Amino acid sequence: MIDPRSITDDFEETARRLARKGVERELLEQVRSAALARREAIVATDEARRQLNAGSAEVGRLVREGQVERAGSKRAELAAAGEQLGILEAERRGAEESFEELLARVPNLPDEVVPDGSSEEDNRVVRVEGYDPGAYEGRELRPHWEVAEALGIMDTERAAKLSGTMFEVLRKGGARLLRGLVDFGLDLHRARYEETVVPHMVRTEVIERTGHLTKFDTQAYRLRDDELWLLPTAEVGLMGLYQGEILAEADLPKRSMAYSVCWRREAGAAGRDTRGMQRLHEFHKVELVSLCTPETSQEELQALLGDCEATLRTLGLPYRVVELCAGDLTFAASRVYDLEVYAPGLDRWLEVSSVSLITDFQARRGGIRFRRAGSGSVELVHSLNGSGLATPRVWAAVVEHGQQPDGSIRLPEALVPYVGTDVITA
RNA sequence: GGAGGGAUGGCAGAGCGGCCGAAUGCGAGGCUCUUGAAAAGCCUUGGGAGGCGACUCCCCGGGGGUUCGAAUCCCUCUCCCUCCGCCA
């Protein structure tokens with residue numbers, strides 16, 4: 001949620017900033033009038049309750065003084081007032097619900113430095129690292145699924161038998177490569193991020209309050225017989241850890257990471273870029289998150305970006321850093337860098353990490369706050385997240401980069417200790 | 001899965017339906033005293049909503065109910081503890 005005051009107290013500026021994200025002015029006007037209606041309802045019930053409280057205290061006093069008849073008549077009078085209050089409170093609940101429902105539809109404010117634009121087309125490539133188009137000339141480069149199926153390390157057909165489309169079975173060297181990548185990712189980041197294992201199933205409240213379960217977001221799988229959801233990303237678990245808490249400023253920035261399996265329904269994505277390891281219902285990922293103070297969040301974003309880049313750099317994979325334009329930002333983000341790895345067999349750039357600054361948007365809904373060391377005042381933290389290592393696509397990139405004329409796969413040096421070999425063969 | 005007990009402020013721990021947003025202790029912060037420190041004494045010390053403000057309202061695990069009035073009574077959910085059963 002954004003701060004509703006930005007709409008009631010600073011409407012024009014807020015409307016201007018949100019217009020860059022494609023938000024209709026009309027929605028904001030609805031939020032504003034709902035906010036004002038809510039405020040009126042609060043004032044009305046508070047006043048009615050104040051009178052009732054005062055009257056009740058009066059009854060108590062009369063009873064103590066033994067003025068039984070006066071207490072009785074006062075009591076009757078207050079019963080009527082109580083009914084009135086009930087009506088006002090029902091109105092207030094209604095006003096609060098419609099206000100919250102509308103507010104939930106407003107996305108986070110885009111950062112002012114984010115470029116203008118309405119779609120992917122307008123994203124800005126910040127820089128390209130390790131990419132040399134000449135290096136691929138004259139080589140026969142196949143997509144990872146061809147290389148992997150030929151080696152027998154990936155079995156799409158049997159995966160479909162087990163679970164349907166958009167699932168994979170990995171075998172032998174392919175399975176070891178996956179395990180090695182996860183281990184490598186955790187080791188690479190453990191100096192700066194607290195390694196955590198979180199439950200892979202979370203309560204409705206947790207997934208809701210991390211912003212991963214809205215009316216428009218039907219990505220998560222729900223368990224049939226329990227009020228639990230499968231993690232769409234470990235971020236849900238890591239952020240959920242601190243919901244409703246007030247952290248000490250001295251504990252910030254609080255950086256943590258978790259390896260988890262991630263499950264996504266990918267509704268609406270059927271048939272799009274789904275070949276091989278590009279898009280799966282179930283994948284493995286090391287996620288990095290950080291909670292920090294508002295004044296340090298921009299530098300924390302750069303630090304997180306650097307950490308996520310280190311994964312690709314250490315693996316020797318070419319990648320580029322793309323800053324998303326205002327219109328392409330996700331709902332909750334104020335600023336996002338996408339990291340895209342180059343897949344030479346596909347001749348495409350694959351998104352492997354979205355490094356996002358959420359400012360206080362997620363913290364407000366989740367109630368994640370901190371206490372200032374000096375003043376003792378309580379404020380919302382800023383939250384950030386990014387993928388430290390997203391296996392399906394990094395796995396694919398390693399396979400496509402390492403493919404050799406004899407069909408084997410040469411592994412990046414950094415992975416050799418983790419996979420236990422420098423070449424994956426049949 | 002079955003039986004029982006519990007949930008109160010940073011922590012511990014009181015709390016006959018009205019005098020309870022809440023005793024007391026510890027912790028933390030400030031002040032006095034002191035060359036400094038300790039000790040002692042005094043004071044302060046939860047969160048949220050509305051309001052320029054005075055101030056008002058809400059919160060004793062969550063939700064609902066009874067009542068003029070609920071931390072206190074009733075229902076329900078969640079979590080924790082003990083015992084039994086099952087189990088990697």
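Every chain is numbered from 1 and lettered A, B, ... according to where its sequence line falls, protein lines coming before strand lines. As the structure is a computational prediction, the values presented were derived from the model and not from experiment.
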Task: Pairs flagged by ring pair (Phe, Tyr, Trp, His ring centres under 6.0 Å) wherever residues 355-383 of chain A is involved - sequence neighbours left out - done: A:Phe331-A:Phe361

- [ ] Could you give the distance separating B:rC73 and B:rC60 at their P atoms, to the nearest angstrom?
- [x] 14 Å

Task: Side-chain donor/acceptor of A:Lys21 to backbone N/O of A:Asn108, under 3.5 Å - done: yes

- [ ] Write down the atom of A:Arg255, the atom of A:Ser290, and the distance for their closest heavy-atom approach.
- [x] CG-OG, 3.8 Å

- [ ] With sequence neighbours excluded, give me every salt bridge (Lys or Arg N to Asp or Glu O under 4.0 Å) pair touching residues 175-191 of chain A.
- [x] A:Asp187-A:Arg190

TODO: Can you run down the salt bridge (Lys or Arg N to Asp or Glu O under 4.0 Å) pairs that involve residues 351-361 of chain A, sequence neighbours left out, and say none if there aren't any?
DONE: A:Asp360-A:Arg364

- [ ] If B:rG85 has a Watson-Crick or G-U wobble mate with both distances under 3.5 Å, name it; if not, just say none.
- [x] none

- [ ] Considering only atom C1', compute the distance from B:rG4 to B:rC16 and round it to an integer number of Å.
- [x] 27 Å

Open item on the list: Please give the distance between the C1' atoms of B:rU72 and B:rG21 as a whole number of Å.
Closed with: 14 Å

TODO: Assign A:Arg369 to base, sugar-phosphate, or nothing according to its heavy-atom contacts below 4.0 angstrom with the strands shown.
DONE: sugar-phosphate

Task: Interatomic distance at C1', B:rU66 relative to B:rC74, whole Å - done: 7 Å

Open item on the list: Distance check, C1' atoms only: B:rA39 and B:rG50, in whole angstrom units.
Closed with: 47 Å

Task: Span that lies between the C1' atom of B:rA14 and that of B:rA71, in whole angstrom - done: 12 Å

Task: Contact residues, residues 77-87 of chain A to RNA chain B [heavy atom, < 4.0 Å] - done: A:Leu78, A:Ala79

TODO: Take A:Arg49 and A:Arg75, find for each the nucleotide of RNA chain B with the closest heavy atom, and name the residue whose nucleotide sits nearer the 5' end.
DONE: A:Arg49

TODO: Return the set of residues passing ring pair (Phe, Tyr, Trp, His ring centres under 6.0 Å) with A:His200 (not counting sequence neighbours), or none when no residue passes.
DONE: A:Trp263

Task: Non-neighbouring partners of A:Pro392 that pass side chain to side chain contact (heavy atoms under 4.5 Å, CB included), sequence neighbours left out - done: A:Met277, A:Leu280, A:Phe283

Open item on the list: Classify A:Val59 by what it touches in the nucleic acid, base, sugar-phosphate, or nothing, heavy-atom distance under 4.0 Å.
Closed with: base

Listed pairs under 3.5 Å, donor-acceptor, residues 419-426 of chain A side chains, sequence neighbours left out:
from	atom 1	to	atom 2	distance (Å)
A:Thr421	OG1	A:Val423	N	3.2
A:Thr421	OG1	A:Val423	O	2.9

Open item on the list: Distance check, P atoms only: B:rG17 and B:rA12, in whole angstrom units.
Closed with: 26 Å

Open item on the list: Contact list please: residues 32-39 of chain A against RNA chain B, heavy atoms, distance less than 4.0 Å, in numerical order.
Closed with: A:Arg38, A:Arg39

TODO: Name all pairs fulfilling the salt bridge (Lys or Arg N to Asp or Glu O under 4.0 Å) condition that reach into residues 234-246 of chain A, sequence neighbours left out, sorted by first residue then second.
DONE: none

TODO: Using heavy atoms to find the nearest nucleotide of RNA chain B for A:Arg203 and A:Gln51 separately, return the residue whose nucleotide is more 5′.
DONE: A:Gln51

Task: For A:Phe167, ring pair (Phe, Tyr, Trp, His ring centres under 6.0 Å) partners two or more places apart - done: A:His281

Task: Base-pairing assignment for B:rG21 (Watson-Crick or G-U wobble, both under 3.5 Å) - done: none

Open item on the list: Tell me whether A:Arg279 is salt-bridged to A:Glu266, with the criterion being a basic N under 4.0 Å from an acidic carboxylate O.
Closed with: yes

Task: Contact list for residues 375-394 of chain A, test salt bridge (Lys or Arg N to Asp or Glu O under 4.0 Å), sequence neighbours left out - done: A:Arg372-A:Glu379

Open item on the list: Tell me which nucleotide, if any, is Watson-Crick or G-U wobble paired with B:rC79 when both distances must be under 3.5 Å.
Closed with: B:rG6

Task: Partner nucleotide of B:rG27 by Watson-Crick or wobble geometry (both distances under 3.5 Å) - done: B:rU45

Task: B:rA54: pairing nucleotide in any strand, Watson-Crick or G-U under 3.5 angstrom - done: none

Task: G-U wobble or Watson-Crick pairing nucleotide for B:rA40 (cut-off 3.5 Å, both distances) - done: B:rU32

Open item on the list: Strictly by Watson-Crick or wobble contacts shorter than 3.5 Å, is anything paired with B:rU67, and which nucleotide is it?
Closed with: none

Task: Euclidean distance for P, B:rC20 against B:rC79 (whole angstrom) - done: 35 Å

- [ ] Would you grab the first and last nucleotide of RNA chain B (5' to 3') that comes under 4.0 Å of any non-hydrogen atom in chain A?
- [x] B:rG18 to B:rC79

Open item on the list: Salt bridge or not between A:Arg38 and A:Glu100? Use side-chain N to carboxylate O under 4.0 Å.
Closed with: no

- [ ] Indicate, with a heavy-atom threshold strictly under 4.0 Å, whether A:Arg371 touches base, sugar-phosphate, or nothing.
- [x] sugar-phosphate

